[in-house]
Protein chains: 2
Amino acid sequence: MTSYIDKINNYIKALDNETLTAFQSISSDKKYKKGDLLLRQNEICGKSYLLISGIARKYYLNDGKEITTELYFENDLAVSFSSYTLQQQSREFIEALTDVTVSITHYKAFQDAKTKYPKLLTLDLMLAEYYGMWVENRLFQFHTLTATERYLEILNKSPHIVQTIPLTIIASYLGITLETLSRIRAKI
Amino acid sequence: MTSYIDKINNYIKALDNETLTAFQSISSDKKYKKGDLLLRQNEICGKSYLLISGIARKYYLNDGKEITTELYFENDLAVSFSSYTLQQQSREFIEALTDVTVSITHYKAFQDAKTKYPKLLTLDLMLAEYYGMWVENRLFQFHTLTATERYLEILNKSPHIVQTIPLTIIASYLGITLETLSRIRAKI
DNA sequence: ATCATTATTTGACCTAAGTCAAATTTCTTG
DNA sequence: CAAGAAATTTGACTTAGGTCAAATAATGAT
């Protein structure tokens, strides 16, 4: 799976100048402050956010409680996948957990660019495939691992999450309560 | 989400003859008997299977127990997504639950065809997007719904599943035991 | 139809994780 | 640095769903 990110990065590196220039011409940088919302519930996700620096998350509300569904670090691409794909209202929020700098690409401009530059279409496919596999793997973990095992998985594979993100957020990301996470940590 | 299937179907209907012919030339029909495995664990998923008739499922083994991850009916596309995408060993099996007829397309041939016919590339993107949204929605349900609610969801949105699939399989698809599913059904 | 599988239900008990409440610890910010 | 706020831990108790075992259906092959 990590190797697929490498594949994507290599693909980007190998893009011809024309395609690259076209892509850069529809992207622009922007800064957000800690706590800012890049996307709100019920908005249509009309932009993609490539994290240049900082940390962000995606979450939704479930009877008033925030359930985090994805954490973003440098080089991660933040979007509400189904809102972006269908151009329908998002059930998710995207929030800056620290000050962040992002490279923004507009949905519409990217759609247009894809028709002119087939390599961007291939890139889009690779990104969609990566996301599909990522979610599939997450579902797999919910299906087969206990809360403790899921936490250990994060601890092993994504230690930066445990080091930088408040436990409340990690707990909801793992699908458990804050108290349970605290007890898991006390035990291991 | 259903509307996205419509969009994909409309896109296919609107394909030019050349693209369509190219696609058909790399696809062929095949029949399997109930119980046959279209894909085994540790094999590389080198083909996609479009169900023409019959029912199939995808599952994996977790300490010897079969966990069903997807159910396929007419017009559904059966593949092990990550094995197909990465061309790596599959952790999942694909099994015919009834006699089935499928239209098989080889991975390699499709990859080649995509470079010649960009519309197939767009089609592939749409299929990947659809799968991504489908898994995302399933994960969402695991994250927020109780076992009973997940069962009711199936009962409402996919009654054909309850009508045709053995409870053992439905239970594992819902991430619960057979006994719990039986009790849920007795209560409602 | 009958016997043998296979599928489903029911019972008794167990356990992982949730809930609610209170106590600490750790950050912030004046 | 101190006071307040936020984050985390701990305690007592509840509950959804799991486990193991046995009892009934329901199906299918002869």
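First the proteins, then the strands, lettered A, B, ... as listed; each starts at 1. Values below: every heavy atom of this structure, side chains too, minus hydrogens, waters and symmetry copies.
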Inset, instruction - Among D:dG17, C:dA21, D:dA21, find the nucleotide with the atom closest to the side chain of B:E179. - result: D:dA21
Legend entry - Ring geometry between B:Y4 and B:Y130 (parallel below 30°, tilted from 30 to 60°, perpendicular above 60°): parallel
Legend entry - B:S182 side-chain proximity, nearest of D:dT8, C:dT8, D:dG17: C:dT8
Legend entry - Phosphate-side-chain proximity, A:T177 and C:dA17, N/O vs OP1/OP2 below 4.0 Å: no
Inset, instruction - Measure the distance from NE2 on B:H143 to P on C:dG18 and round it to the nearest whole Å. - result: 10 Å
Legend entry - Nucleotide D:dA16, atom C1' - distance to CG of B:L145 in whole Å: 14 Å
Legend entry - Spacing of A:L178 atom CG relative to D:dA7 atom P, expressed in whole Å: 10 Å
Legend entry - Length of the NZ-P vector between A:K187 and D:dG11, whole Å: 14 Å
Legend entry - Atom-to-atom span, OH of A:Y151 to P of C:dA16 - whole angstrom: 19 Å
Inset, instruction - Rounded off to whole Å, could you give me the CD1-to-P distance for the A:I184 and C:dA16 pair? - result: 11 Å
Legend entry - Any side-chain heavy-atom pair of A:R138 and A:F140 under 4.5 Å: no
Legend entry - 5' precedence on DNA chain D between B:T180 and A:T180 (nearest-nucleotide basis): A:T180
Inset, instruction - Starting at atom CZ of B:R183, determine the distance to atom P of C:dT9, rounded to an integer number of angstrom. - result: 11 Å
Legend entry - Out of C:dG18, D:dG17, D:dT10, whichever nucleotide has its closest atom nearest the side chain of A:I176: C:dG18
Inset, instruction - With rounding to the nearest 0.5 Å, note down the distance linking OG in B:S172 to CD1 in B:I67. - result: 6.0 Å
Inset, instruction - Please report, rounded to the nearest Å, how far the C1' atom of D:dA7 is from the CG atom of A:L97. - result: 15 Å
Legend entry - B:E18 atom CD: more than 12 heavy-atom contacts under 6.0 Å: no
